[in-house]
Chemist: 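Encoded as structure tokens, here's the structure I'll be asking about.
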Amino acid sequence: MSTEYLGAPVYGIDKNTGNQAWLDSRLDAAVSLQDIHFIDDYKTDKFEMISRTAESLSDLGFYGNASEPDAISRDRRAPFDKDNPATKRLIDIVDGVENWLELVPTAAALMPIYNPDVAQLPNGQMMTSDLREWLGNLYDGIGIRGRGAAVTRLAAEESMRHSEPIDMISLACGAAQPIFDALGSVRSNGASVPRVKMVDLSKPILELVDEVAAQSGLGDHVETVRMNILKRDRFDESVLGYGQSGFVEAVGIFEYLKDLGDQNEYDKVMERGSNMADAVTFLRNSYDLVKPGGMLLIGNMLDTHPQLGFTLNVVQWPHIQPRSVDQMIDIVGKSQIPVGSLDIYLPNDGDPGNAVYALYAIRKPDIGV
Ligand SMILES: C[S@@+](CC[C@H](N)C(=O)[O-])C[C@H]1O[C@@H](n2cnc3c(N)ncnc32)[C@H](O)[C@@H]1O
């Protein structure tokens with residue numbers, strides 16, 4: 001793999017070992033970069049055709065402007081602009097896609113991505129065969145499922161390192177499919193199933209989580225918490241507890257946060273309001289919940305996403321701030337949290353250069369008690 005991909009020679013991956021670790025002076029900690037290969041069950045023989053079509057639509061850009069930096073700085077809003085010619089064309093060629101676009105950027109848009117085999121979208125509209133193929137073969141779909149599989153694996157591994165059930169927190173949990181899969185996997189391995197606090201602001205989402213927990217026999221292990229996790233103040237200690245959780249996961253929210261500063265423009269993605277946490281503040285607040293020796297797992301869309309222009313200009317997914325690994329290490333450095341080690345994972349279905357997301361597993365130093 002070209003070292004250029006991650007911006008600096010030190011981040012090159014050795015093709016033979018697949019991994020490389022180094023001491024990053026910004027964190028004064030060991031950092032490793034690892035590929036997580038997973039097989040995507042929903043990729044089909046339409047992959048090439050859909051990739052070519054997505055590329056030609058992305059060339060049409062947003063009203064003819066295909067620039068990704070322009071798209072990131074443009075105020076993309078939900079609902080999307082149906083008159084954009086590239087989006088119109090997508091709607092013409094993919095039967096039913098408009099019904100899915102209506103769900104973007106809520107957690108409900110992710111549900112049929114995790115499982116394109118569903119008969120209906122969360123808004124009651126039919127899943128068409130065209131839409132199933134597109135959600136199965138677009139890199140966004142492959143990326144979301146890959147990141148979910150990686151969250152499942154890391155959460156399960158972290159639980160199984162301990163003989164006692166660990167306490168876990170999922171921040172901005174959404175429907176929490178990756179964490180439910182982790183609990184299922186821990187249970188089927190006969191290991192101690194963690195206790196999880198699933199935290200989100202959306203009442204309907206938390207009702208769904210309660211339903212899934214009850215249906216899967218995990219009701220005793222799951223507690224739902226309705227909370228705005230983007231207040232700048234620390235989280236409410238009496239509800240989440242500081243320094244108590246062995247595994248805290250906040251995947252699927254970081255890419256909406258600006259590096260620093262107040263923000264209040266998260267139409268439909270997050271609660272509107274002023275004085276909300278930026279990436280650095282949110283990272284610090286989340287880290288405070290982790291027990292010494294425990295892990296904080298965050299994620300961010302990569303700026304090398306192979307279909308970034310399609311996502312930003314054609315689907316018009318709002319507010320996303322894609323970031324390189326280097327930018328993310330900078331943010332961790334700026335937060336000044338003590339980092340024991342940082343393991344960076346690139347979930348992909350065979351080519352790390354086409355990874356859509358990177359996951360960042362921050363190990364809190366163990367104080368030896
Ligand atoms: C993109 S989804 C991610 C869901 C899940 N973590 C995943 O990766 O599948 C973002 C979630 O953040 C939640 N959310 C948005 N703003 C929030 C806030 N201020 N406080 C708590 N949750 C919030 C939304 O309700 C939504 O479920």
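Counting starts at 1 for both ligands and their atoms, in listed order. All values below were derived from every heavy atom in this structure, side-chain atoms included, with hydrogens, water molecules and symmetry-related copies excluded. Not measured: the values here are computed from a predicted model.
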Chemist: Mind checking whether L201 has an N or O less than 3.5 Å away from an N or O of ligand 1?
Modeler: yes
Chemist: When you compare ligand 1 with Y114, is there at least one nitrogen or oxygen pair between them that comes in under 3.5 angstrom?
Modeler: yes
Chemist: Quick one: does V199 get an N or O within less than 3.5 Å of an N or O on ligand 1?
Modeler: no
Chemist: In terms of side-chain geometry, is the basic nitrogen of E102 or K82 positioned less than 4.0 Å from the acidic oxygen of its partner?
Modeler: yes
Chemist: What part of C173 sits under 4.0 Å from ligand 1 if we count only heavy atoms: the side chain, the backbone, both or neither?
Modeler: backbone
Chemist: Only counting residues at least two apart or in another chain, list the ones meeting salt bridge (Lys or Arg N to Asp or Glu O under 4.0 Å) with E237.
Modeler: none
Chemist: Does I229, backbone or side chain, put an N or O under 3.5 Å from an N or O of ligand 1?
Modeler: yes
Chemist: Counting only nitrogen or oxygen atoms and a 3.5 angstrom limit, does N228 reach ligand 1?
Modeler: yes
Chemist: Could you list the residues that satisfy side-chain contact (heavy atoms from CB on, under 4.5 Å) with D41, not counting sequence neighbours?
Modeler: none
Chemist: Is there a path of hydrophobic side-chain contacts, each under 4.5 Å between heavy atoms of I, L, V, M, F, W or Y residues, that connects F47 with W134?
Modeler: yes
Chemist: Indicate, as side chain, backbone, both or neither, the part of M276 found under 4.0 angstrom from ligand 1 when only non-hydrogen atoms are considered.
Modeler: neither
Chemist: List ligand 1 atoms under 4.0 Å from S202, heavy atoms only on the residue side.
Modeler: 25 (O)
Chemist: Any heavy atom of K231 sitting closer than 4.0 Å to ligand 1?
Modeler: no
Chemist: Under 4.0 Å from any heavy atom of M227, which atoms of ligand 1 are there?
Modeler: 20 (N), 21 (C)
Chemist: Please determine which of K231, R232, K258 meets the salt bridge (Lys or Arg N to Asp or Glu O under 4.0 Å) test together with D278.
Modeler: R232
Chemist: Hey, which atoms in ligand 1 end up nearer than 4.0 Å to a heavy atom of G174?
Modeler: 4 (C), 27 (O)
Chemist: If the threshold is 4.0 Å, N to carboxylate O, is there a salt bridge linking E157 and R161?
Modeler: no
Chemist: Would you call R363-E158 a salt bridge at under 4.0 Å N-O?
Modeler: yes
Chemist: Using a 3.5 Å distance criterion without hydrogens, assess whether the side chain of S32 forms a donor-acceptor pair with backbone atoms of D343.
Modeler: no
Chemist: Quick check: does I205 get an N/O under 3.5 Å from an N/O on ligand 1?
Modeler: no
Chemist: Taking 4.0 Å as the limit for heavy-atom contacts, which would you say applies to L110 with ligand 1: side chain only, backbone only, both, or neither?
Modeler: side chain
Chemist: What's the spacing between D28 CG and L23 CG if we round to 0.5 Å?
Modeler: 6.0 Å
